[in-house]
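To start, the structure under review is shown below, and the notes come after it.
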Amino acid sequence: QVHLVESGGGLVQAGGSLRLSCAASGSIFRINAMGWYRQAPGKQRELVATITSGGSSNYADSVKGRFTISRDNAKNTVDLRMNNLKPEDTAVYYCYFSPKYWGQGTQVTVSS
């Protein structure tokens, strides 16, 4: 059975930085897409960033230029570097490995 475990969330002031990491336990082969999603209170889960096995990345407009997604195919890990954080980035962040694996979520809180 596969489990994804996120780490790196926390409380930070506006303008600060955090790095989220996600690692898989168990056997996963041929992961195409990896990504990060987030869900703020009272809102739907939304895409933050995705990255393919070839390294092509895609970002939500709201995070472009501030967040960077990266992956290590050999280790089956995906990271999200978040800079210049804003209060509206406050949410539970979930990592995702295609086709169906989700992490349990890690809280990111940005204070103004």
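Position 1 is the first residue of the sequence; numbering continues from there.
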ask   = For V78 and C95, which heavy atoms make the closest approach, and how far apart are they?
value =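 Of all heavy-atom pairs spanning V78 and C95, the closest is CG1-CB, 4.4 Å.
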For S112 against A14, the heavy-atom pair lying closest together =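 Heavy atoms only, the tightest pair is CA-CB, 4.4 Å.
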Treat each ILVMFWY residue as a node, draw an edge where side-chain heavy atoms are under 4.5 Å apart, and state whether [X] and [Y] are in one component.
X: V2; Y: M34; value: yes
X: L85; Y: Y37; value: no
X: V48; Y: Y96; value: no

Side-chain touch [X]/[Y], heavy atoms, less than 4.5 angstrom:
X: I31; Y: S98; answer: yes
X: M82; Y: V108; answer: yes
X: L80; Y: T68; answer: no

Starting at [atom1] of [X], measure out to [atom2] of [Y] and round the result to the nearest 0.5 Å.
X: T109; Y: L11; atom1: OG1; atom2: CG; answer: 6.0 Å
X: L47; Y: N58; atom1: CG; atom2: CG; answer: 6.0 Å
X: I51; Y: S70; atom1: CD1; atom2: OG; answer: 6.5 Å

inquiry  = Name the residue from Y101, Y94, W36 that meets the side-chain contact (heavy atoms from CB on, under 4.5 Å) definition with C22.
reply    =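 The side-chain contact (heavy atoms from CB on, under 4.5 Å) with C22 is passed solely by W36 among Y101, Y94, W36.
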Just checking, any donor-acceptor pair under 3.5 angstrom between side chains of [X] and [Y]?
X: N83; Y: S17; result: yes
X: R38; Y: Y93; result: yes
X: T90; Y: E88; result: no

Checking [X] side chain against [Y] main chain: does a donor-acceptor pair fall under 3.5 Å?
X: N84; Y: G16; value: no
X: Y59; Y: S62; value: no
X: Q13; Y: V110; value: no

message = Set out, in order, the CA-CA distance, both residues' side-chain angles and the distance that settles salt bridge (Lys or Arg N to Asp or Glu O under 4.0 Å) for D79 and R71, then state yes or no.
response = CA-CA 6 Å; D79 290 352; R71 64 187 281 173; over 6 Å; no
message = Under the criterion side chain to side chain contact (heavy atoms under 4.5 Å, CB included), I'd like the reasoning laid out for T106 against V92: C-alpha separation, chi angles, the key distance, then a yes or no.
response = CA-CA 5 Å; T106 185; V92 177; 6.0 Å; no
request  = Kindly state whether the ring of W102 and the ring of F97 have centres lying under 6.0 angstrom apart.
outcome  =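 Aromatic pair excluded; centres sit 6.0 Å or further apart.
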task = Considering only NZ, NE, NH1 and NH2 on the basic side and carboxylate oxygens on the acidic side, decide whether K86 and D89 come within less than 4.0 Å.
result =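 Result for this pair is no, no salt bridge flagged.
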